[in-house]
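Only one structure is covered here, and it is reproduced in the block below.
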Amino acid sequence: MENKPELVQKLENKYMKTYEITDLKDMLYKATEKFSKKPAFKVKNENGKIIEISYEQFRNDVEALGTAMIKSGLKNKKIAVIGKNSYQWSVAYMASVIVGIVVPLDKELHIDDIVNFLNVSESEAVFGDSKYVELIKQNLDKVNNKELLLINMERAENSLETLIQNGKELIAENDTNFKEIKINPDEMRILLFTSGTTGSSKAVCLSHKNICENIRSVAGIVKVSPKTKVLSILPIHHTYECTLGYLLVIYSGGCIAHCEGLRYILNNMQEYKPTLILCVPLLLDNMYKKIMKTLRSTLPEKYFNKGKHIIDAIPFFLRGIVKGKIKKTFGGKLNTFIVGAAAMNPEVSYSIDKFGMRVLQGYGLTECSPLVAGNNDFYKRDDSVGLPIPNVQYKIANPNQEGVGEIIVKGPNVMLGYYKNEEATKEVIKDGWFYTGDLGRIDENGYLYITGRSKSVIVTTNGKNIYPEELEYYLNEEEAISEAIVLGVEDKKSNDTIVKAKIFPNVEAIKEMLKVEMPTKEQIKDVITNCIQKINAKIPNYKHIKGFKIVDKELEKTTTQKIKRYGSNTKIDE
């Protein structure tokens with residue numbers, strides 16, 4: 001945005017004060033100095049009791065581990081980290097990114113992919129949970145580096161705990177190698193394999209500066225403080241959770257607890273009483289549906305037929321009670337959801353705000369460390385991914401008549417490039433601008449709206465562009481549909497590209513609609529057909545969904561719960 005809209009200028013005048021950090025080691029030491037005795041993490045011990053780990057203890061553990069790693073010859077080497085969200089993962093990541101080049105790996109990967117990424121990255125060591133250490137051991141014959149050092153992050157021989165103990169002994173003997181490390185903030189120290197829904201993974205090269213700039217940018221527009229308590233739910237190997245749900249919290253003096261698994265979310269909320277959660281829209285959608293189901297079963301029907309939001313429809317004296325009960329379900333302290341990774345239903349965002357918990361939707365990519373735009377403490381819109389974060393610019397390249405074009409980004413958060421792939425880097429970084437591959441538009445106030453992935457656009461033979469995300473939004477609004485993906489399919493009869501959908505039905509909702517114990521396949525098909533007809537009636541002919549396939553299990557997703565637009569999900573024709 002060359003000519004900054006007035007609202008963006010107003011936002012710039014409201015930025016909150018942040019403190020300077022040159023790299024993540026600098027951040028670790030400065031945060032410890034500021035928040036020394038405060039809890040950085042809450043974890044469960046072997047007896048299930050919640051204990052606190054102070055900033056000082058966290059720094060000491062990182063220092064000790066880093067010292068032992070240097071002694072083991074890992075300085076400036078590539079070190080992979082794979083496992084569930086945990087304190088151990090956090091310590092291993094921080095020590096690795098300071099001592100060498102950290103390679104965070106997705107724990108949901110197939111072992112063949114894990115091996116491939118270890119080979120591509122030329123990793124010399126792996127910090128892993130027991131499960132992954134064993135898997136890699138069993139497949140060492142496929143790993144190029146036969147000297148690969150495997151370190152178990154759980155209790156075992158050659159464990160992270162053993163290394164920390166060794167490091168503490170070395171420090172007691174005046175080993176200062178870790179403290180003396182000097183980091184070049186502009187060089188590659190983080191290597192990330194993208195888990196995007198399209199194409200094959202590329203390795204993204206990030207620097208300490210990329211991440212630190214992103215941390216400070218977000219801290220300038222969203223207040224995270226020593227009072228902030230985060231429940232870490234999303235996979236921590238991903239930049240979204242790692243930068244905002246871990247590193248930003250440490251920078252700000254907050255406290256982190258790790259979710260024990262999706263089925264334990266509500267239990268963990270009661271135990272840790274978070275104030276902030278990072279999540280994907282799917283999680284919020286499910287929470288919203290549960291809230292509404294509970295409200296419908298406890299409040300008179302008359303309040304649901306007033307053409308108003310339920311909070312505005314109920315008597316004034318009941319509103320505080322209802323909001324309090326909803327909040328109590330989530331631990332009682334939750335006040336903010338930061339949402340990203342997929343499109344958010346504005347109605348859900350608006351409703352959760354009404355229930356007393358704000359939803360801040362943002363937009364980012366691994367290549368941008370990750371955040372580019374976000375709703376914030378000062379300005380928000382439920383139907384937009386927000387305004388540019390401090391020190392980041394975006395604009396629309398080659399906009400069409402509606403102002404829709406490719407979103408391009410410039411700022412200190414933009415990656416160095418793709419690892420050993422100069423050609424792919426040149427394709428996306430031109431004249432300092434990163435071409436995201438995402439389509440969007442910017443309104444007169446500077447708010448960014450995502451309209452889809454440029455690679456997923458369905459183009460008909462007469463040049464009409466169809467954005468699958470728009471049709472998926474309509475489909476997902478239908479109660480009878482649990483999940484849907486829209487694809488362009490070549491039609492031999494018309495010699496054109498037509499729109500088809502793959503649909504996972506909401507059988508429970510269909511049961512209630514039809515008042516039957518279990519609907520037949522034909523009944524389910526009829527209900528879905530009616531949904532499609534209803535949608536087709538409100539969109540132009542060229543966008544019509546011409547066919548669909550009903551599936552009996554959830555669609556394949558990435559670890560950030562985005563439905564994969566390629567792979568098994570594309571097998572749509574019967």
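Just the heavy atoms: all of them, side chains too, but no hydrogens, waters or symmetry mates, feed the values below.
Contact check on K137 versus E134 returns a salt bridge, with a Lys/Arg side-chain nitrogen under 4.0 Å from an Asp/Glu carboxylate oxygen. Ion pairing of E108 with K557 is absent here, as no side-chain N (NZ or NE/NH1/NH2) approaches a carboxylate O to less than 4.0 Å. Remark: D377 engages R358 in a salt bridge, criterion side-chain N to carboxylate O under 4.0 Å. Remark: K107 does not engage D129 in a salt bridge, criterion side-chain N to carboxylate O under 4.0 Å. With salt bridges taken as basic N to acidic carboxylate O contacts below 4.0 Å, one links K37 and E56. For D112 and K142, the salt-bridge test passes: some basic side-chain N is under 4.0 Å from an acidic carboxylate O. For the pair K131 and E154, the salt-bridge criterion is not met [side-chain N within less than 4.0 Å of a carboxylate O].
Shown here for S252 and L248, the closest heavy-atom pair between the two residues is OG-O, 2.8 Å. Across Y394 and G386, no two heavy atoms sit closer than the pair OH-O, 3.4 Å. Shown here for L284 and M344, the closest heavy-atom pair between the two residues is CD1-CE, 3.6 Å. Between I82 and L105, the closest heavy-atom pair is CG1-O, 3.8 Å. Taking all atoms of both residues into account, the shortest heavy-atom contact from G83 to Y132 is CA-CE1, 3.9 Å. The heavy-atom pair separating F58 from I250 by the smallest distance is CE2-CD1, 4.2 Å.
In this structure, CG in L231 is found 6.0 Å from CE in M269, a value given to the nearest 0.5 Å. From I563, atom CD1 reaches atom CG of L555 across 5.0 Å, with rounding to the nearest 0.5 Å. Residue I211 holds its CD1 atom at 6.5 Å from SG of C242, rounded to the nearest 0.5 Å. In this structure, NZ on K426 lies 11.0 Å from CG on N421, to the nearest 0.5 angstrom. Distance check, rounded to the nearest 0.5 Å: CG of L487 to NZ of K502 gives 8.0 Å.
The number of heavy atoms from other shown groups lying within 6.0 Å of CD (E187) is above 12. Counting heavy-atom neighbours within 6.0 Å of K209 NZ, excluding the residue itself, gives a total of 12 or less. Heavy atoms from other residues, nucleotides or ligands lying under 6.0 Å from NZ of K146 number more than 12. Within 6.0 Å of NZ on K44 lie more than 12 heavy atoms contributed by other residues, nucleotides or ligands. Annotation: K168, atom NZ; neighbour count of heavy atoms from other residues, nucleotides and ligands within 6.0 Å is above 12. In this structure, K410 places its NZ atom where more than 12 heavy-atom neighbours from other residues, nucleotides or ligands lie under 6.0 Å away.
No side-chain donor-acceptor contact under 3.5 Å links S159 and N152. Remark: the D61 side chain and the Y87 side chain contain an N/O donor-acceptor pair separated by less than 3.5 Å. Defined by atom type and a distance below 3.5 Å, a donor-acceptor pair is missing between the side-chain atoms of N214 and S217. The closest side-chain donor-acceptor pair between Y93 and Q88, if any, does not fall under 3.5 angstrom. Side chain to side chain, E260 and N268 meet the donor-acceptor criterion of an N or O pair below 3.5 Å. Judged by distance alone, the side chains of E271 and Y264 never bring a donor and an acceptor atom under 3.5 Å apart. Counting only N and O atoms by type, the side chains of N335 and T275 include no donor and acceptor under 3.5 Å apart.
Not one N or O on the side chain of K229 forms a donor-acceptor pair closer than 3.5 Å with the backbone of A257. Within the 3.5 Å criterion, the main-chain N or O of L24 finds a donor-acceptor partner in the side chain of H208. Under the 3.5 Å distance criterion, the side-chain polar atoms of T32 are left unmatched by any main-chain donor or acceptor of R59. Without hydrogens or angle criteria, E367 side chain to V414 main chain gives no donor-acceptor distance under 3.5 Å.
Contact annotation: the side chain of K227 never approaches that of K333 to less than 4.5 Å [non-hydrogen atoms, C-beta and beyond]. Looking at I233 and L262, their side chains come closer than 4.5 Å, going by heavy atoms from C-beta outward. V126 is listed as a side-chain neighbour of L118, based on a closest heavy-atom distance under 4.5 Å. A 4.5 Å side-chain heavy-atom check between L150 and F127 finds every atom pair outside the cut-off. When side chains are defined from C-beta on, L360 does not count as touching F337, because their heavy atoms never get closer than 4.5 Å. Contact of the I171 side chain with the E63 side chain is registered, since non-hydrogen atoms from C-beta on lie closer than 4.5 Å. Between I407 and K395, every side-chain heavy-atom pair lies at or beyond the 4.5 Å cut-off. Counting only heavy atoms from C-beta outward, the side chains of K42 and I256 never approach each other to under 4.5 Å.
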Got a list of side-chain donor-acceptor pairs under 3.5 Å for residues 177-185, not counting sequence neighbours?
unit_1, atom_1, unit_2, atom_2, d
N177, ND2, D175, OD1, 3.1
E180, OE2, T176, OG1, 2.6
N184, OD1, D186, N, 2.9

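Taking the six-membered ring for Trp and the full ring otherwise, the centers of Y19 and Y251 sit less than 6.0 Å from each other.
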Salt bridge (charged side-chain N to carboxylate O under 4.0 Å, His left out) between E169 and K71, worked out: CA-CA 12 Å; E169 288 166 13; K71 186 77 172 173; over 6 Å; no
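Annotation: cation-pi geometry satisfied between K202 and Y418 (NZ/CZ under 6.0 angstrom from ring centroid, within 45° of ring axis).
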